[in-house]
Amino acid sequence: MSNLKNWNRGDPCRSNWTGVFCHKVNDDTFLHVTELQLFKRNLSGTLAPEVSLLSQLKTLDFMWNNLTGSIPKEIGNITTLKLILLNGNQLSGILPDEISNLQNLNRLQVDQNQLFGPIPKSFANLRSVKHIHMNNNSLSGSIPSELSRLPLLLHLLVDHNNLSGPLPPEFAEAPALKIFQADNNNFSGSSIPSTYSNISTLLKLSLRNCSLQGAIPDLSSIPQLGYLDISWNQLTGPIPTNKLASNITTIDLSHNMLNGTIPQNFSGLPNLQILSLEDNNLDGSVPSTIWNGITLTGNRSLVLDFQNNSLKKIPDTFDPPPNVTVMLYGNPVCGDTNGVLITNMCQPMSVDQQTLKKEQGSTFSCQPCPADKTYEYNPSSPIPCFCAVPLGVGLRLKSPGITDFRPYEDAFDINLTSLLQLFLYQLNIEHYIWEVGPRLNMHLKIFPSNSSLFNTSEIVRLRHILAGWEITLSDVFGPYELLNFTLGSYADDFPNSASTGLSKAALGIILAGSIAGAIALSVVVTTLIARRHSRHRTVSKRSLSRFSVKIDGVRCFTFDEMAIATNNFDLSAQVGQGGYGKVYKGILADGAIVAIKRAHEDSLQGSKEFCTEIELLSRLHHRNLVSLVGYCDEEDEQVKPFDFNYIRRKIYFLNIAELLIQIMFCRCLFMNSCQMVLYVIIFLVSNWRDSLQIFEHSLLPMLININLH
């Protein structure tokens with residue numbers, strides 16, 4: 001439990017529970033859990049449906065853990081959610097339709113799991129979503145054409161799945177789409193819709209290895225197209241002759257069945273890094289002007305891969321610059337032409353994208369840094385041999401619009417430091433490597449500004465920006481994902497944020513996979529009343545027939561009595577609110593001080609269910625349970641007064657008994673604050689003997705009685 005010591009005590013918001021971030025919502029006086037940032041913490045188990053009880057949650061981040069099971073449909077009830085970050089787990093099952101209820105959702109990342117089944121058409125209702133990343137799963141069926149209606153969708157990544165059917169031509173109407181990446185699927189017999197030339201916002205189109213057929217559409221009218229990969233298909237016909245956008249860096253048409261000659265439109269593209277036409281049926285002459293208009297200085301280079309075609313001629317004046325690599329192996333021209341230059345070009349070669357930047361040491365002769373912390377020299381510091389303790393950041397570009405990162409390193413440094421509000425010398429790209437995708441994995445070090453150490457607030461700020469996707473890199477770099485945030489020596493200041501993850505012993509009370517375990521009684525309760533739930537569904541409208549209950553010690557109040565007690569539910573009497581309704585401090589006619597819970601309209605139950613709940617609550621007596629004083633069930637009002645003098649000694653009016661009763665009915669109407677679930681965890685962990693006593697002596701007999709009727 002050493003890594004979760006502060007999950008055992010106090011208020012999760014005020015006690016700074018690891019990975020739990022809280023804020024006040026609107027004019028509410030309570031702190032609400034708004035962010036769960038638990039990425040890369042070695043968590044296992046399942047994501048429990050009870051997470052939906054955090055009704056003000058905006059960020060759900062469980063990236064890079066070992067979660068199994070399915071994505072609970074109850075997540076669709078957290079209407080405040082903006083970020084769902086579940087990538088890098090072992091989740092299975094289908095994508096729940098209920099996610100489409102999340103009108104505030106900005107980013108849906110479920111990539112690198114084991115999800116299967118179709119992409120729900122209902123996702124077209126996600127009116128605020130900008131990023132949908134579902135790559136590297138086993139999703140099947142066709143890509144819903146309805147997604148074209150998403151007004152803000154920028155990035156759609158569905159590569160490495162089992163998708164089939166035709167590519168939706170309706171994507172031509174997508175108003176904001178910049179990246180469409182669907183590599184390694186099976187759209188057998190489908191062609192690339194010619195209407196895609198009308199996607200005016202498109203920056204990257206990647207449809208590699210998708211069993212596509214037909215001709216290549218003319219995409220020259222897309223003004224900002226920077227990356228085109230339609231390799232490893234069965235495309236036929238000639239290459240379109242109109243010139244593509246001037247900012248294009250990558251054109252990969254290799255491993256198709258294209259014929260005709262290589263057109264002149266590939267010349268004069270100033271940002272071109274690679275043109276791959278390998279393994280087609282192209283004939284004619286090797287072009288000699290493609291590098292015209294490209295400034296090939298420094299680390300700028302150009303690769304022209306024409307291998308395994310039917311090219312028969314090469315111009316007499318063929319003389320590519322030193323930074324241009326031409327590959328001609330497997331063409332007839334290699335057997336008909338002599339010379340050292342052509343001999344070198346005709347050797348079998350491959351395009352090596354695994355460029356690795358080695359770690360760089362200081363060019364100065366410096367004394368060793370102190371050894372008490374992870375000090376090191378910042379190679380970019382304006383002060384030579386200045387020792388500082390950096391932060392380590394693992395970042396991956398998920399769909400970059402480039403093939404060679406070297407010419408863009410400086411632009412990336414400027415872009416990222418500007419967004420993070422850092423000086424340029426504070427950032428050092430220690431190393432990077434291309435991965436399958438292609439995706440660019442890089443390790444960064446961020447140094448303090450002219451000081452040896454970061455202060456705590458600056459570390460928190462940087463981590464929150466990167467983990468919360470509060471910045472957007474330039475389009476050419478595409479979307480990023482945070483792989484790790486290594487504290488190093490700063491871990492001593494964040495004892496509950498160890499990057500190595502949580503011990504297995506600690507996993508028993510974490511939210512992922514064990515909210516249901518933490519609320520242990522609810523598991524037993526749910527099992528016992530499963531049959532009852534199947535017979536008594538929650539009603540959408542109140543029953544017209546009235547039920548009453550007479551219990552010793554529990555009074556039946558009129559609504560007028562409740563109104564008088566709270567000065568007509570005056571705002572000054574309100575002491576709390578939540579998903580169930582509002583809580584008021586009131587004074588009854590006999591002078592008793594009570595906490596009055598008034599249900600809002602959406603929380604009303606059937607009259608019989610309400611009376612049954614009152615009956616059960618009235619039978620529960622324990623020193624840790626708030627006492628029910630009475631009830632009011634009149635017209636369209638349901639009110640429950642509790643003993644305020646006892647409540648005053650409890651935190652945020654926590655009433656475990658009421659929670660358990662609501663769990664029995666397979667719902668949760670008790671929500672004085674969205675911290676409720678976390679408080680239940682505290683209660684059950686710190687008072688487990690009392691919890692078992694409540695269950696054994698009070699709840700269990702009633703549940704058996706209920707289940708038999």
Side-chain angles (χ1 to χ4, degrees), residues 71 84 87 93-100 102 105 107-214 216-217 219 222 225 227-235 398-399 437 478-479:
I71 300 174
I84 295 180
N87 48 300
I94 63 172
L95 288 165
D97 274 299
E98 288 77 5
I99 289 178
S100 63
L102 305 177
L105 191 65
R107 182 180 291 264
L108 174 61
Q109 289 189 183
V110 294
D111 47 297
Q112 294 187 255
N113 280 287
Q114 300 167 18
L115 300 171
F116 53 82
I119 301 172
K121 295 180 180 180
S122 60
F123 281 12
N125 296 323
L126 297 171
R127 309 304 292 174
S128 299
V129 74
K130 293 183 178 180
H131 309 274
I132 297 180
H133 300 175
M134 298 184 286
N135 51 282
N136 294 86
N137 280 287
S138 298
L139 299 174
S140 58
S142 59
I143 300 175
S145 61
E146 289 82 359
L147 298 183
S148 64
R149 301 200 302 263
L150 292 171
L152 302 178
L153 181 62
L154 300 176
H155 303 153
L156 179 60
L157 276 55
V158 293
D159 53 288
H160 293 82
N161 278 288
N162 297 322
L163 298 171
S164 58
L167 292 170
E170 291 84 356
F171 274 19
E173 303 168 8
L177 187 62
K178 291 185 176 182
I179 296 177
F180 179 29
Q181 184 162 313
D183 310 315
N184 294 290
N185 283 287
N186 186 17
F187 307 114
S188 180
S190 177
S191 61
I192 303 173
S194 60
T195 55
Y196 280 13
S197 62
N198 298 324
I199 311 178
S200 60
T201 55
L202 195 63
L203 302 175
K204 179 173 182 176
L205 179 62
S206 193
L207 301 172
R208 181 180 65 256
N209 189 30
C210 289
S211 300
L212 294 169
Q213 301 177 8
I216 298 176
L219 303 176
I222 303 177
L225 185 63
Y227 191 108
L228 176 64
D229 185 352
I230 49 178
S231 60
W232 292 95
N233 286 291
Q234 291 92 48
L235 301 174
K398 299 181 74 172
S399 185

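- Contact between I216 and L235 at its shortest, heavy atoms only, is CG1-CD1, 4.0 Å.
- For the atom pair OG (S128) and CG (L150), the distance works out to 10.0 Å, reported to the nearest 0.5 Å.
- D229 contributes atom CG, which lies 4.5 Å from atom OG of S206 (distance to the nearest 0.5 angstrom).
- For C210 against A182, the heavy-atom pair with the smallest separation is SG-O, 3.0 Å.
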Can you check side chain to side chain contact (heavy atoms under 4.5 Å, CB included) on D111 and K398, steps first, answer last?
CA-CA 11 Å; D111 47 297; K398 299 181 74 172; 3.1 Å; yes
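- Using a 4.5 Å cut-off on side-chain heavy atoms (C-beta onward), N198 and S200 make no contact.
- The closest side-chain donor-acceptor pair between S148 and E173, if any, does not fall under 3.5 angstrom.
- Residues I119 and M134 have side chains in contact (heavy-atom distance under 4.5 Å, counting atoms from C-beta outward).
- Put simply, the side chain of F187 does not reach to within 4.5 Å of the side chain of S211, judged on heavy atoms.
- At distances below 3.5 Å, at least one donor-acceptor pair connects side-chain atoms of N185 with backbone N or O atoms of L163.
- Between F171 and L177 the shortest side-chain heavy-atom distance falls below 4.5 Å.
- In this structure, L147 CG and S122 OG are separated by 9.5 Å, a value rounded to the nearest 0.5 Å.
- Side-chain contact check for P151 versus R127: some heavy-atom pair is nearer than 4.5 Å.
- Between L207 and L167 there is a side-chain heavy-atom pair separated by less than 4.5 Å.
- Checking side-chain atoms of N233 against main-chain N and O of S231 turns up a donor-acceptor pair under 3.5 Å.
- Rounding to the nearest 0.5 angstrom, the gap separating the NZ atom in K121 from the OG atom in S142 is 7.0 Å.
- The closest donor-acceptor contact from the side chain of N135 to the backbone of L156 lies at 3.5 Å or more, if one exists at all.
- The closest side-chain donor-acceptor pair between H155 and K130, if any, does not fall under 3.5 angstrom.
- Inspection of the N162 and S140 side chains reveals no N or O donor paired with an N or O acceptor under 3.5 Å.
- Separation of atoms CG (N125) and CD1 (I99) is listed at 12.5 Å; rounding is to 0.5 Å.
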Where do L225 and L203 land on the side chain to side chain contact (heavy atoms under 4.5 Å, CB included) test, with the steps shown first?
CA-CA 4 Å; L225 185 63; L203 302 175; over 6 Å; no
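- Rounding to the nearest 0.5 Å places CZ of F116 at 10.0 Å from CG of L95.
- Counting heavy atoms from C-beta on, the side chains of V110 and I71 come closer than 4.5 Å.
- A pairwise comparison of heavy atoms in H131 and L154 identifies CE1-CD1, 4.3 Å as the closest pair.
- With R107 contributing its side chain and H133 its backbone, the two residues share no donor-acceptor pair below 3.5 Å.
- When all heavy atoms are compared, the tightest approach of S100 to L126 is CA-CD2, 3.7 Å.
- The closest side-chain heavy-atom distance from I192 to I230 is below 4.5 Å.
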Audit row: L108, F123, side chain to side chain contact (heavy atoms under 4.5 Å, CB included) steps and yes/no
CA-CA 10 Å; L108 174 61; F123 281 12; 3.8 Å; yes
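- Between the side chain of D183 and the main chain of D159, no donor-acceptor pair closer than 3.5 Å is present.
- What you find for S399 and K204 is that their closest heavy atoms are OG-NZ, 3.0 Å.
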Could you walk me through whether I94 and L115 satisfy the side chain to side chain contact (heavy atoms under 4.5 Å, CB included) test, starting with their C-alpha distance in whole Å, then the side-chain angles of each, then the deciding distance to 0.1 Å, before giving a yes or no?
CA-CA 6 Å; I94 63 172; L115 300 171; over 6 Å; no
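- Panel note: side chain N161, backbone N137; a donor-acceptor pair is recorded below 3.5 Å.
- Shown here for N87 and Q109, the closest heavy-atom pair between the two residues is OD1-NE2, 3.1 Å.
- For the pair N209 (side chain) and N186 (backbone), a donor-acceptor distance under 3.5 Å is absent.
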